[in-house]
Amino acid sequence: MTLRPAEVFRVAFQNPVLLAAGTCGFGRELSGVVDLEALGGMVTKSITMAPRAGNPAPRVAEFDAGMVNSIGLANPGMERARDDKLPWLADHLRRARVLVSVAGHTVEEYVELVRGMEAADGFAAFEINLSCPNDQRLGGRAFSLDRDALTAVIGRCRAETSRPLIAKLAPNDPDLVDTARAAVDAGADGLTLINTLPGRLLDPGDGHPRIGAGQGGMSGPALRPVGVHAVNAVAGAVDVPLIGVGGILNADHALEYLHAGASLVQVGTASFAAPRAAERIARDLARRRDLPAPWGASGRGGPSHASPGANPAAVPSTEPV
Ligand code: SIN
């Protein structure tokens with residue numbers, strides 16, 4: 001069984017499974033272990049203007065239903081990401097699509113990031129990370145919770161790029177549907193739902209936080225109902241493709257998101273325990289019958305949320321991986 005490629009926010013994907021930002025570096029780090037070309041694509045680690053060393057260790061702690069992380073957006077900064085990391089992706093990935101994730105402290109930083117990356121090769125779209133819960137300068141507050149800042153970022157970034165802009169939103173948003181509508185009205189071509197949920201793990205012995213930054217973002221199985229609920233709620237309110245992320249460990253979990261209204265899914269925490277989890281999920285999905293649109297192997301239902309017109313990244317049908 002093979003999947004027909006589907007066009008999602010003007011980009012052709014060979015299958016719906018992507019690696020989530022922050023779980024695959026810039027691709028090269030995983031290339032000896034994961035067949036990136038078997039995936040729909042990957043999202044880079046979020047890039048900031050200046051290099052960041054990240055938050056104090058330990059940065060990750062597990063619990064019985066997932067994990068909490070506070071990496072603190074550790075990354076080499078825009079210039080090194082663009083000049084040293086992107087060329088490897090441009091040279092090595094033909095079938096898998098790359099989304100570059102960017103994160104700023106200010107509206108201006110997001111704009112500079114998109115402007116600075118736009119001329120680079122090797123990626124199909126931007127994922128605008130508006131929802132990191134671990135940015136100490138923002139006190140753990142997600143950028144997307146400030147409506148004026150959200151719309152300014154998307155509107156001003158829109159003017160800097162012809163690539164699709166995908167806004168990644170936060171789960172702890174009491175007005176998520178309104179935020180999603182505002183992001184789309186400002187120019188977002190798609191939405192990634194959702195980032196990690198703010199959380200804290202304490203050592204039961206001494207009561208100290210188990211991660212260095214104190215609080216962090218919770219991911220893994222416990223996040224899945226939150227993510228599926230977010231996709232389900234937003235799918236009826238906007239007319240752009242959605243990427244579902246949170247707690248996907250297997251093809252059934254990916255299908256929950258696809259049935260809720262996502263066109264693509266991202267696998268994150270599962271990759272830490274099983275680096276090839278995303279490959280397995282893509283392979284297993286390709287064997288399923290009657291996937292929801294835009295992936296319906298039966299040929300029923302065309303690509304949902306697909307934009308008509310140019311297909312800048314046409315790909316052949318996926319071979320089983
Ligand atoms: C981090 O680097 O701390 C995580 C980034 C994110 O959750 O957006």
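Order of listing sets the numbers, starting from 1, for every ligand and every atom in it.
Taking every non-hydrogen atom of N69 and a distance limit under 4.0 Å, the qualifying atoms of ligand 1 come out as 1 (C), 3 (O), 4 (C). Short contacts between ligand 1 and G72, defined as distances under 4.0 Å to a heavy atom of the residue, involve ligand atoms 1 (C), 2 (O), 3 (O). Heavy-atom contacts of P133 reach the following atoms of ligand 1: 7 (O) (cutoff under 4.0 Å). Residue N134 has at least one heavy-atom neighbour below 4.0 Å for each of these atoms of ligand 1: 1 (C), 3 (O), 4 (C). The contact set between ligand 1 and N195, taken as ligand atoms under 4.0 Å from a residue heavy atom, comprises 6 (C), 7 (O), 8 (O). With ligand atoms numbered from 1 in the order given, ligand 1 contributes 1 (C), 2 (O) to contacts under 4.0 Å with heavy atoms of K45.
Within 6.0 Å of CD on E79 lie no more than 12 heavy atoms contributed by other residues, nucleotides or ligands. Heavy-atom contacts from other residues, nucleotides or ligands closer than 6.0 Å to CD of E29 number more than 12.
Residues meeting the side chain to side chain contact (heavy atoms under 4.5 Å, CB included) test with V33, sequence neighbours left out: P275. Every residue two or more places apart in sequence or in another chain that forms a side chain to side chain contact (heavy atoms under 4.5 Å, CB included) with I211 is listed here: A61, V68, S70.
Polar contact check, A74 against ligand 1: no nitrogen or oxygen pair lies under 3.5 Å apart. Between N129 and ligand 1, a contact under 3.5 Å exists for at least one N or O pair.
Nearest to atom 5 (C) of ligand 1 among the protein's heavy atoms is C132 SG, 3.6 Å.
When heavy-atom distances to ligand 1 are checked against a 4.0 Å cut-off, L73 comes that close through both its backbone and its side chain.
Remark: R156 fails to qualify as a cation-pi partner of Y110 under the 6.0 Å distance and 45° angle criteria applied to the six-membered ring.
Using modelled atom types, no side-chain atom of R287 and backbone atom of R283 make a donor-acceptor pair closer than 3.5 Å.
Judged by the shortest distance from any of its heavy atoms, N55 lies outside the 4.0 Å radius around the atoms of ligand 1.
Contact check on R147 versus D178 returns no salt bridge, with no Lys/Arg side-chain nitrogen under 4.0 Å from an Asp/Glu carboxylate oxygen.
In this model, a donor atom of one side chain and an acceptor atom of the other lie less than 3.5 Å apart for N134 and N69.
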